[in-house]
Number of protein chains: 2
Amino acid sequence: MFRASLTSPERVARQIRERILAGRYPGGTILRQEELAAELGVSRMPVREALRQLAAEGLLILHPHRGAVVAELSLAELEEIYEMRAALEPLALRLAIPRLGKGQLGEAEDALDEAERVHDGQRLSQLNWRFHAALYRPAERPRLLSTIELLHLNVDRYMRMILTVMQHREQSNLEHRLLLEACRAREVERASRLLQQHILEAGQRLVQFLKEKV
Amino acid sequence: MFRASLTSPERVARQIRERILAGRYPGGTILRQEELAAELGVSRMPVREALRQLAAEGLLILHPHRGAVVAELSLAELEEIYEMRAALEPLALRLAIPRLGKGQLGEAEDALDEAERVHDGQRLSQLNWRFHAALYRPAERPRLLSTIELLHLNVDRYMRMILTVMQHREQSNLEHRLLLEACRAREVERASRLLQQHILEAGQRLVQFLKEKV
DNA sequence: GTTGCAAATTTTGGATACAAAGGATACAGT
DNA sequence: ACTGTATCCTTTGTATCCAAAATTTGCAAC
């Protein structure tokens, strides 16, 4: 029979991933297999598979015989990801709106409500994804959804930094509320326009924020 | 210093990938590590990493403790991939057209010329990708390009089947020529409209073809 | 002091060996 | 005959060990 039985490479991958996203391993960090293995209480073998997994997700770059380096995202690449999101997410939303039920709308609203109360970066990032994913899921496009998720994953490290800036959060919340209303009203065109604009503007704010931070 | 030194997992991944795309391992096939290892003259370890790589590419599904299964693409998923391509490729083309040089236009044209003479499925698939990639590359959006490449990879198995059907090829070549002309003339809007239409229609033809084949 | 080379060290890549999980099979009980 | 269960076999998962590659260090020559 089936059993979930999370296998070590997956557990290890999850832990390393979270460390990268939390900023504990900034871009450029060299990850040593032995070190990770010892720290996570496994041998190097599962670590190697985890590293390959994370490399496939775009969080690492594997240099043969030289090790795994945490991927650095240039501002250009960051903007690129937002361009891709701006192309894909409105597509998902368009397909989803006709099938949106009370359940998803409620889930999205709950995420927004909590996001206004909470202040932890990791949690805010989770809620942000939950909001978006709830709206896209009814489209029933698994590949599209997981591609979008991967893009989110890749900007998440930087997202978390700006998610604690109050000005950004207020603007973002406002846009989210407007988007949700458009979805409720089944106004496909307006919703997808709002979403595209929301993504592009969030991208611009993030790039701006990172530029100033240096 | 640097050395290319293709590492075994990559070699192994490439070979398995080619077998999947060529139809030698159809969807649903269970891949046994030991068997692959023996056949490719390595131990199970590089095979495992290769399998993980291919799973990340979407060609396999890894079931913990139960093995790797070649991914089956339902017609719905196939259409989904074409929807994604129709969203992403016109974006890449728009960004690329202003920067298209003689080099890329020539490369694209060469690919079309050869595609009209050649009849081998694998080669045709290569040429088809070369044509598209040549037009997108000047956009200088590496993630966008590799995402598109991944989508191509995932439909390639089915593409190869229809690429030997003369009627499809003629239609496709015609559309490619029109697209190339629009690019030469720097008509961004027309070119991106042609491309989107080309992708959606190719997807429809493929779905139709596969439906009839059953 | 700087540059070039070579040995030594570190670190990754790959193979073998062992453990554990899943599935198949045979047997016992009803 | 059928069902449930225990055991065996196959296959995957993980650890350990050895080999190969890359980096670092030390030494020598200029």
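In this text, all values refer to a predicted model and were calculated from it rather than measured experimentally. Here is the naming used below: chain letters follow the sequence lines, and residue numbers restart at 1 for every chain.
Distance A:Arg32 CZ to C:dG13 P: 12 Å, rounded to the nearest Å. Taking atom CD of residue B:Gln33 and atom C1' of nucleotide D:dG13, one finds them 8 Å apart after rounding to whole Å. Atom CD1 in A:Ile30 sits roughly 12 Å away from atom C1' in C:dT10 (whole-Å rounding). Taking atom CZ of residue B:Arg48 and atom C1' of nucleotide C:dG14, one finds them 14 Å apart after rounding to whole Å. In this structure, A:His65 atom NE2 and C:dT11 atom C1' are separated by 11 Å, rounded to whole Å. When rounded to the nearest whole Å, the span between CZ of B:Arg52 and P of D:dG13 equals 8 Å. Here C:dT11 presents its C1' atom at 13 Å from CG of A:Leu51, a figure rounded to the nearest Å. What separates CD of B:Glu34 from C1' of C:dC18 is a distance of 14 Å, to the nearest Å.
Taking the side chain of A:Val42 as heavy atoms from C-beta on, and the options C:dG14, D:dA15, C:dA21, the nearest nucleotide is D:dA15. Distance from the side chain of B:Ser43 is smallest to C:dT16 among C:dT16, D:dA22, D:dT14.
Using cut-offs of 30° and 60° for the angle between ring planes, the A:His176 and A:Phe131 rings count as tilted.
In this structure, A:Glu80 contributes its side chain and B:Leu144 its backbone to a donor-acceptor pair below 3.5 Å.
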The test is side-chain contact (heavy atoms from CB on, under 4.5 Å); show your working for B:Leu31 and B:Val69 and say whether it passes.
CA-CA 6 Å; B:Leu31 299 181; B:Val69 181; over 6 Å; no
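Only one option out of B:Arg169, B:Glu175, B:His168 pairs with B:Gln171 in a side chain to side chain donor-acceptor pair (under 3.5 Å); it is B:Glu175.
Salt bridge status for B:Arg117 with B:Asp113: absent, with no side-chain N to carboxylate O gap under 4.0 Å.
Side-chain nitrogen and oxygen atoms of B:Thr7 include none within less than 4.0 Å of the OP1 or OP2 phosphate oxygen of C:dT12.
Sequence order on DNA chain D of the closest nucleotides to A:Pro46 and B:Gly67 puts B:Gly67 first from the 5' end. Nearer to the 5' terminus of DNA chain C, by closest-nucleotide assignment, is the contact made by B:Glu49 (compared with the other of B:Arg44 and B:Glu49).
B:Leu31 comes within 4.0 angstrom of the backbone, heavy atoms only, and of no base.
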